Visitor: 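One structure, as C-alpha cells, below. Some questions next.
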Amino acid sequence: MATLQPVRGTHDLLPDDARKHNHVVATARALGDAYGYGEIATPIFEQTEVFKRTLGDTSDVVTKEMYTFEDKGGDSITLRPEGTAAVARSYISGKMQDQLPLKFFYHGPMFRYERPQKGRQRQFHQIGIELFGVADPVGDVEVIALGAQILEKLGVQDWCTLELNTLGDTESRDAYRAALVAYFEGHRDRLSEDSKDRLHRNPLRILDSKDKGDRTIIEQAPRFDAYLTPAAQDFFARVQEGLTDLGIGYTRNERLVRGLDYYCHTAFEFTTDRLGSQSAVLAGGRYDGLIGTMGGPETAGVGWAAGIERLTMLAEQWPAQARPVTFIPLGEAADKALRKIAFELRGQGIAIDMGYSGNLKRRMARANKAGARLAVIVGDDELAQNQATLRDMDGGEQRTVPLAELAQYLKN
RNA sequence: GUGCCCUUAGCUCAGCCGGUUAGAGCGCCUGGUUGUGGUCCAGGAGGUCGCCGGUUCGAAUCCGGUAGGGCACCCCA
C-alpha cells in the first residue's frame, strides 16, 4: 500500500505554522473589531448556485476550479472558492436589508482546484471583510484603510504597494467595453490565443495580459478615463482624496480590472514582488451589483480578501512565544505532588511544561527545548521539607522556595 | 489545463558521463556528569536513493511512465 499522502495542494498546519496563521487572523480580527466589523462564519460549502451566479459561468473559477459534488440528497454542493458570495448569501437568506449598513469580518479555508504553486494551494485560507449598504466612497476608503492597517500591523506593508483603479459605473463600463472590443477586433489577428478568447468572455482582462505581443497592442488601446462619466470620475476622485487624507499611498494601475459585471468603481490590490508570480496579497473592490445578481435586494457592497498563507510568507516578525515553567519531579511522590500544583496553576493560565519520564538530565534538556524561563525541581529532599528548587534557565541561579509559595514565584 | 525543472537519512543537501559496504552538516540517541539543560568531546542509530516498469552482467546514476514539489503561463488571495 502506498504511503499516505495529503491531497495535492493541501498541507498540514503544524503548531508553528498554526501559530503564525492564528496571529494573522487575530491581528485582522482585532482591527476589524476596532472598525466595527463583526465576525461572521459561514459554512465552507454552499449550494453550487451561490457561486455559479456570482462568479459567472465564464470565469475560470466556476468553469474549472470548483470542488463541486452531489450530496446524498442529490443537491449540487460546492466547497467555497471565495468568501464574498457566501457572506452575500448569508445577508440575503438572513433578510438583513433593514439592518444596513452591515460590516463583516471573516476568515477560513477556501478551495480551488488549481495547479499548486508557491503561495497557491488547493485548500488555502483567507481573511476578508465586506461592507454592505454604503454606496458612498467613504466606504471604499474605510475598507482599504482597514486592509492597509492590517498589513502594517503584520509588518508587511513595506513589501506591498497599493494599486488602485476604477471600473466606473455601468454606463462608463459599457461604453468602454464596447470601445475596447472594437479596438481589439481591429487587431484580432495579432492578439495572443488567450486574448482572442478573452475578447468575448472578458475583454477588460486583455488589459492585464502578460503576452509581449498583446502589450504593444494594449499600449495604443483606448483609455478607461476617457469613458468615465462625470459621476464615476467624481466617485474615484473622492476615493483618492480619502486615501490621501489618511496618508495611504497608492499607485494608479489602469490595467487593474475585474471581469464580472457586478464589479464597479473601485478596484484595488496590495501587491508584492516577493512571492513570485503570486503578487496579490490583499485584493478587493466595490461590487454594488452582486447582491442583486444573486437575487437579493439591490445593495451596495465593497470589500476585500487576503491570503493568509501569502501574508504568512511575507511577514518576518512574529510575537514571541510565551515561555513556560518546566516542572521536574524526581520520583513518584514528587511527580504526584507537582501534578497537583501544575493542575492548579495551569487552571490559572500559567503555562507549565511537565514531562512524563526521564531523569533530571533528560528533563532539564526538555526544559531547555521548551524554552522554559524557570525550572522547578522537586526531589525527595525538597519534598521532605515542602520545598522546591527554582532554577533560572537563563542565568542558571538556583534558590529554594517553599512549595506553598510556588505560585507567586511563577506568576508573570 | 500547457511548458520547463526538481525528488537521495527527520531536515538541508553532496554523490549521478552505470561498477565493491550511498556520504556531509543539522537534528535524534548514548556516554563523558549517582540530582542539573544550553557549549564542548567521544560514540551510535537512522536510507525500499518518491513509486512502477525498461535497458544492462550490474542502475541512486541511463530510458519510459506515474505521484508529489517548484517556476512560468492561465487564473487568482
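In this text the structure is predicted, and so the values were computed from the model without any measurement. Chain naming here is simple, since letters A, B, ... match the order of the sequence lines and numbering starts at 1 in each.
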Visitor: Between A:Asp136 and A:Arg238, is there a side-chain N and carboxylate O pair less than 4.0 Å apart?
Guide: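 Salt bridge between A:Asp136 and A:Arg238, a charged N being under 4.0 Å from a carboxylate O: yes.
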Visitor: Quick one: look up who B:U33 pairs with, Watson-Crick or G-U, both distances under 3.5 Å, and put none if it's unpaired.
Guide: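 Per the H-bond distance test, none.
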Visitor: In whole Å, measure the gap between the P atoms of B:A42 and B:G58 for me.
Guide: 43 Å
Visitor: Quantified in whole Å, what is the P atom distance between nucleotide B:G53 and nucleotide B:G44?
Guide: 36 Å
Visitor: Whom does B:G1 pair with, Watson-Crick or G-U wobble, provided both distances fall under 3.5 Å?
Guide: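 B:G1 is paired, partner B:C73.
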Visitor: Report which part of the nucleic acid A:Gly9 touches: base, sugar-phosphate, or nothing (heavy-atom distance under 4.0 Å, all strands).
Guide: sugar-phosphate
Visitor: Indicate, with a heavy-atom threshold strictly under 4.0 Å, whether A:Glu114 touches base, sugar-phosphate, or nothing.
Guide: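 Here A:Glu114 touches the bases of the nucleic acid.
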Visitor: Write down the distance separating the P atoms in B:A45 and B:U7, rounded off to the nearest Å.
Guide: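 Pairwise P distance, B:A45 against B:U7, rounds to 28 Å.
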Visitor: In whole angstrom, give me the gap between the C1' atoms of B:G32 and B:C13.
Guide: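 Pairwise C1' distance, B:G32 against B:C13, rounds to 31 Å.
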Visitor: For B:G23, give its Watson-Crick or G-U wobble partner with both distances under 3.5 Å, or none.
Guide: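 Pairing partner: B:C13.
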Visitor: State the pairing partner of B:G68; accept Watson-Crick or G-U wobble contacts with both distances under 3.5 Å, and report none otherwise.
Guide: B:C6
Visitor: In whole angstrom, give me the gap between the C1' atoms of B:U36 and B:G43.
Guide: 23 Å
Visitor: Quick check on RNA chain B: between A:Asp380 and A:Glu309, whose nearest nucleotide comes earlier from the 5' end?
Guide: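 Per heavy-atom nearest nucleotide, the more 5' residue is A:Asp380.
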Visitor: Contact class for A:Asp381 (heavy atom, under 4.0 Å): base, sugar-phosphate, or nothing?
Guide: base
Visitor: Would you classify A:Asp211 as touching base, sugar-phosphate or nothing, given that sugar-phosphate means primed atoms plus P, OP1 and OP2, and contacts are heavy atoms under 4.0 Å?
Guide: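 Counting heavy atoms under 4.0 Å across all strands, no contact is made by A:Asp211.
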Visitor: Is A:Asp335 paired with A:Arg339 through a side-chain N to carboxylate O contact shorter than 4.0 Å?
Guide: yes
Visitor: Sort out the partner of B:U48 for me: Watson-Crick or G-U wobble, both distances under 3.5 Å, none otherwise.
Guide: none
Visitor: Rounding to an integer number of angstrom, what distance separates B:U30 and B:C5 when you compare their C1' atoms?
Guide: 42 Å
Visitor: Establish, with yes or no, whether the OP1 or OP2 oxygen of B:C73 is under 4.0 angstrom from a side-chain nitrogen or oxygen of A:Arg115.
Guide: no
Visitor: Could a donor-acceptor pair under 3.5 angstrom be found where the side chain of A:Glu382 meets the base of B:G35?
Guide: yes
Visitor: Where does the angle between the aromatic ring planes of A:Phe270 and A:Phe268 fall among parallel (under 30°), tilted (30 to 60°) and perpendicular (over 60°)?
Guide: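 Answer is perpendicular, since the angle exceeds 60°.
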Visitor: What is the base-pairing partner of B:A60, counting Watson-Crick and G-U wobble geometry with both distances under 3.5 Å?
Guide: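 Partner of B:A60: none found under 3.5 Å.
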Visitor: Just checking A:Ala305: base, sugar-phosphate only, or nothing, at a heavy-atom cut-off of under 4.0 Å?
Guide: sugar-phosphate
Visitor: Pick base, sugar-phosphate or nothing for A:Arg363, based on heavy-atom distances below 4.0 Å to the nucleic acid.
Guide: nothing
Visitor: Which part of the nucleic acid does A:Met110 contact within heavy-atom distance under 4.0 Å: base, sugar-phosphate only, or nothing?
Guide: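 The residue A:Met110 makes no contact with any strand.
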Visitor: Within the structure, does a side-chain N or O atom of A:Lys369 lie under 4.0 Å from either OP1 or OP2 of B:C28?
Guide: yes
Visitor: Give a yes/no on whether any side-chain N or O of A:Lys361 is located under 4.0 angstrom from OP1 or OP2 of B:G37.
Guide: yes
Visitor: Between A:Phe105 and A:Tyr37, does the ring centre distance come in under 6.0 Å?
Guide: no
Visitor: Could you check whether A:Gly396 gets within reach of a base, just the sugar-phosphate, or nothing at all, counting any heavy atom under 4.0 Å?
Guide: base
Visitor: Please determine whether any donor N or O and acceptor N or O are separated by less than 3.5 Å between the side chain of A:Arg112 and the base of B:A77.
Guide: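 Looking at the base of B:A77, it does pair with a donor or acceptor on the side chain of A:Arg112 (distance under 3.5 Å).
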Visitor: Mind checking if A:Ile377 touches a base, just sugar-phosphate, or nothing, with heavy atoms under 4.0 Å?
Guide: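 A:Ile377: base contact, heavy atoms under 4.0 Å.
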Visitor: Rounded to whole angstrom, note down the C1' distance from B:C75 over to B:A14.
Guide: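 So the two C1' atoms sit 38 Å from each other.
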Visitor: Both conditions, 6.0 Å and 45 degrees, for the charged tip of A:Arg122 above the ring of A:Tyr113: are they met here?
Guide: yes
Visitor: Rounding to the closest angstrom, what is the interatomic distance between B:G23 and B:C49 at atom P?
Guide: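 Looking at atom P only, B:G23 and B:C49 are 14 Å apart.
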Visitor: Quick one: is B:G69 close enough that its OP1 or OP2 comes under 4.0 Å of any side-chain N or O from A:Arg8?
Guide: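 Indeed, a polar side-chain atom of A:Arg8 lies that close.
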Visitor: Less than 3.5 Å between a donor and an acceptor, one on the side chain of A:Arg391 and one on the base of B:G37, is that the case here?
Guide: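 When only heavy-atom distances are counted, A:Arg391 does reach the base of B:G37 through a donor-acceptor pair under 3.5 Å.
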Visitor: Please state whether the phosphate of B:U36, meaning OP1 or OP2, lies under 4.0 angstrom from any side-chain nitrogen or oxygen of A:Gln398.
Guide: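 No, outside the criterion.
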Visitor: Taking the side chain of A:Asn368 as its heavy atoms from C-beta onward, which of B:C75, B:G37, B:C29 lies nearest to it?
Guide: B:G37
Visitor: If you count every heavy atom of other residues, nucleotides or ligands that lies below 6.0 Å from A:Gln385 atom CD, does the total exceed 12?
Guide: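 Yes, the 6.0 Å shell around CD holds more than 12 heavy atoms from other groups.
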Visitor: Does atom NZ of A:Lys336 have more than 12 heavy-atom neighbours from other groups under 6.0 Å away?
Guide: no
